[in-house]
Amino acid sequence: MKRRTLLGAALAGAVVTPVLGAATARAADPGPSATLTGTTTLDTQALFFVSYNGLVNNNAFQKNAMLTYKGYQYAVWYTADRNAVVARRVFGSNTWSTVKVGHTLRYDDSHNVISMGISKVDGRLHLNMDSHSDGFTYVKSVAGLMDNPGGLSWTTSRFGAPQSTLDGLALTSQFTYPQFVSTPEGKLQLSYRVAISGNGRNAIAEYDGTSWTNLGEWSSSTGTYTSEHGSSTARNMYLHGIDYDRNGRLHSFFTWREQNGAVMCNSGGITNHDTGYVYSDDRGRTWRNNAGTLVGTTGSSDKVAVTDSGLVIDSLNPDHSLMNQESQWTDSAGRPHAIISYVPGRFGQCTTNYVTNRTNNGRAFHVRKNASGTWQKTEIPVPLNSSQRTKLFLDKYDNAYAIFPFLRIAGASAASGYTDWTILYDGVTAGLNAFGEVVFDETRIGEDHFLSVMYQEKSSGTTPSALRSLNFSLPA
């Protein structure tokens with residue numbers, strides 16, 4: 001659309017201290033807490049290999065590797081013999097019942113994750129897997145399986161045959177990053193990327209209980225971005241998530257990754273820059289910037305582009321190894337929150353090795369919109385000690401939690417304006433031997449105020465290792 005301008009000028013180049021009282025917490029509301037209540041083992045010998053610094057069973061951008069619905073919890077992973085499995089357990093049980101869904105992982109590529117979704121209109125479980133700039137495999141259950149888990153046996157026969165389309169709907173031959181999200185009406189949407197890193201577009205398909213429809217692409221890879229070092233004419237919008245709030249607004253934070261490394265100060269860095277934000281009030285058909293201005297229409301020629309005005313809510317050039325696909329959440333008032341991470345300028349203005357520099361000096365930041373509509377940003381005083389991603393969620397009292405690599409959990413209270421970040425649980429000192437990134441059950445947070453985190457133990461080479469889940473009670 002129009003030229004690119006920056007929002008949140010107060011954020012540029014500095015960390016803003018939040019205003020006390022920016023949250024809407026009452027004085028009596030409890031602060032954040034995470035009390036370990038139990039551990040379960042999903043697989044003693046889960047598939048293990050490292051690629052892109054991650055694991056195929058625990059990539060933080062997975063949505064969802066775990067989910068909860070009607071008193072049962074579900075999880076997906078690849079076994080040591082590369083079989084894709086889906087498991088369930090009833091609340092209160094430590095026993096997982098596992099079924100194979102008829103697909104084996106093709107490549108040792110950690111981006112080929114398994115993602116789950118539920119179409120509430122017909123009670124089906126949907127799986128999308130094994131896709132990184134390639135085709136995908138899709139499996140769905142019989143209707144009603146999720147609505148009557150106690151009355152229907154958990155067997156392979158409850159799932160249909162693996163498909164390379166969505167019930168005949170072919171999307172793209174270069175498909176990546178499946179993320180299922182349920183609409184407020186109970187339909188199921190699938191967010192995905194078309195094409196490849198540095199030159200990709202985001203798109204959405206939708207299932208209404210009868211058939212899939214491809215709504216089309218909504219972000220653009222074209223336009224010119226210029227840094228102080230050089231220019232790039234192609235890129236990819238990496239989403240931190242795509243989520244509906246309780247009022248039906250669809251939110252998405254993102255960062256851009258440029259195709260041309262000339263925009264960086266050093267070739268050892270990463271071309272990610274800026275944190276942007278868009279939302280949709282019509283189920284992903286049109287997209288608006290923070291000011292409410294229309295910036296893109298799904299399936300049309302007018303897509304969200306790097307040259308659009310009002311997209312950037314935190315400005316950062318490509319020289320600080322900003323991470324893509326981090327994490328987001330919305331609070332009880334529908335206000336968006338995100339976690340972003342990079343190497344702050346106090347450690348230098350040019351990263352030369354993004355893995356090493358992020359591990360040594362990377363920090364995570366909590367970015368959020370406050371009650372007055374202003375964007376605020378707080379550095380979380382916990383060193384990353386990793387190049388990997390951090391996860392975010394909020395509890396029923398709008399306290400914020402960050403789950404760092406190696407399953408370290410920090411929290412901050414809404415009452416403080418998110419200024420009192422402190423470690424609540426440390427998986428390193430607890431001896432978990434967690435590899436790095438973890439995934440958690442987003443849906444269970446609101447179901448019974450429990451946090452379920454799934455992690456895989458460190459191993460070497462391709463030696464399988466244990467896949468486990470920790471459960472924490474949250475303020476109720």
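On a predicted model such as this, the values are computed, not experimentally measured, just so you know.
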Which of Tyr342, Trp421, Tyr418 passes ring pair (Phe, Tyr, Trp, His ring centres under 6.0 Å) with Phe365? Answer is Tyr342
Using only heavy-atom distances, determine whether the side chains of [X] and [Y] contain a donor-acceptor pair under 3.5 Å.
X: Ser119; Y: Arg124; value: no
X: Asn324; Y: Trp256; value: no
X: Trp329; Y: Asp243; value: no
X: Arg257; Y: Ser197; value: yes
X: Tyr277; Y: Asn289; value: no
X: Asp441; Y: Thr68; value: yes

Could you walk me through whether Ile403 and Arg408 satisfy the side-chain contact (heavy atoms from CB on, under 4.5 Å) test, starting with their C-alpha distance in whole Å, then the side-chain angles of each, then the deciding distance to 0.1 Å, before giving a yes or no?
CA-CA 6 Å; Ile403 312 177; Arg408 296 167 294 151; over 6 Å; no
Taking every non-hydrogen atom, the tightest pair across [X] and [Y]:
X: Gly411; Y: Pro32; value: C-CG, 3.8 Å
X: Gly209; Y: Asp122; value: O-OD2, 3.5 Å
X: Val439; Y: Gln62; value: CG1-OE1, 3.8 Å
X: Asp147; Y: Pro149; value: C-CD, 3.4 Å
X: Ser182; Y: Ile118; value: OG-O, 2.9 Å
X: Asn112; Y: Ser131; value: OD1-C, 3.3 Å

Measuring from atom [atom1] of [X] to atom [atom2] of [Y], what distance do you get when rounded to the nearest 0.5 angstrom?
X: Tyr244; Y: Arg283; atom1: OH; atom2: CZ; value: 5.5 Å
X: Asn64; Y: Arg444; atom1: CG; atom2: CZ; value: 14.5 Å
X: Leu188; Y: Leu190; atom1: CG; atom2: CG; value: 7.5 Å
X: Thr213; Y: Ile204; atom1: OG1; atom2: CD1; value: 12.5 Å
X: Gln174; Y: Ser133; atom1: CD; atom2: OG; value: 6.0 Å
X: Glu326; Y: Thr275; atom1: CD; atom2: OG1; value: 9.0 Å

Is the shortest heavy-atom distance from the side chain of [X] to the side chain of [Y] under 4.5 Å?
X: Pro336; Y: Lys369; answer: yes
X: Leu239; Y: Asn202; answer: yes
X: Phe472; Y: Thr35; answer: no
X: Trp77; Y: Leu42; answer: yes
X: Val101; Y: Leu127; answer: yes
X: Tyr192; Y: Tyr177; answer: no
X: Val295; Y: Val278; answer: yes
X: Gln73; Y: Met66; answer: yes

Does a side-chain N-to-carboxylate-O contact under 4.0 Å join [X] and [Y]?
X: Asp314; Y: Lys377; answer: yes
X: Arg335; Y: Asp398; answer: no
X: Glu185; Y: Lys120; answer: no
X: Arg235; Y: Glu258; answer: yes
X: Asp308; Y: Lys303; answer: no
X: Asp245; Y: Arg249; answer: no
X: Asp331; Y: Arg368; answer: no
X: Glu437; Y: Lys391; answer: no

Whether the side chain of [X] engages the backbone of [Y] through a donor-acceptor N/O pair (distance < 3.5 Å, no angle test) should be reported.
X: Thr37; Y: Asn471; answer: yes
X: Thr41; Y: Asp43; answer: no
X: Ser327; Y: Leu392; answer: yes

Hey, what's the ring geometry for Phe180 with Trp212, parallel, tilted or perpendicular (30° and 60° as the breaks)?
tilted
Phe393 and Phe440 aromatic ring geometry - parallel, tilted or perpendicular at 30°/60° bounds
tilted
Phe91 and Tyr72: ring-ring contact (aromatic ring centres under 6.0 Å, His included), yes or no, with the steps?
CA-CA 6 Å; Phe91 280 1; Tyr72 278 71; 8.1 Å; no
Step through it carefully: locate the ring centre of [X], locate the ring centre of [Y], and say whether they are under 6.0 Å apart.
X: His132; Y: Phe175; value: no
X: Trp154; Y: Tyr74; value: yes
X: His111; Y: Phe61; value: yes
X: His126; Y: Tyr207; value: yes

List the steps and the verdict of side-chain hydrogen bond (donor to acceptor under 3.5 Å, both in side chains) for Asp302 and Ser300.
CA-CA 5 Å; Asp302 183 19; Ser300 77; 5.4 Å; no
Please determine if Arg88 forms a cation-pi arrangement with Tyr69, meaning its NZ or CZ atom is less than 6.0 Å from the six-membered ring centre and no more than 45° off the ring axis.
no
What's the verdict on salt bridge (Lys or Arg N to Asp or Glu O under 4.0 Å) for Lys187 and Asp208, showing C-alpha distance, side-chain angles and the deciding distance?
CA-CA 5 Å; Lys187 296 179 181 179; Asp208 63 5; 5.8 Å; no
Name the residue from Asn272, Leu322, Thr255 that meets the side-chain contact (heavy atoms from CB on, under 4.5 Å) definition with Leu316.
Leu322
Tell me, yes or no, whether the heavy-atom count around Lys100 atom NZ, taken from other residues, nucleotides or ligands under 6.0 Å, exceeds 12.
no
Take Glu217 and Arg193 through the test salt bridge (Lys or Arg N to Asp or Glu O under 4.0 Å) and record every step on the way to the result.
CA-CA 9 Å; Glu217 300 173 11; Arg193 185 185 74 188; over 6 Å; no
Give the intermediate values and the outcome of side-chain hydrogen bond (donor to acceptor under 3.5 Å, both in side chains) for residues Tyr401 and Asp395.
CA-CA 8 Å; Tyr401 299 75; Asp395 66 20; 2.7 Å; yes
Going through the distances and angles, do Arg158 and Ser153 end up as a side-chain hydrogen bond (donor to acceptor under 3.5 Å, both in side chains)?
CA-CA 8 Å; Arg158 300 292 183 189; Ser153 60; 3.1 Å; yes
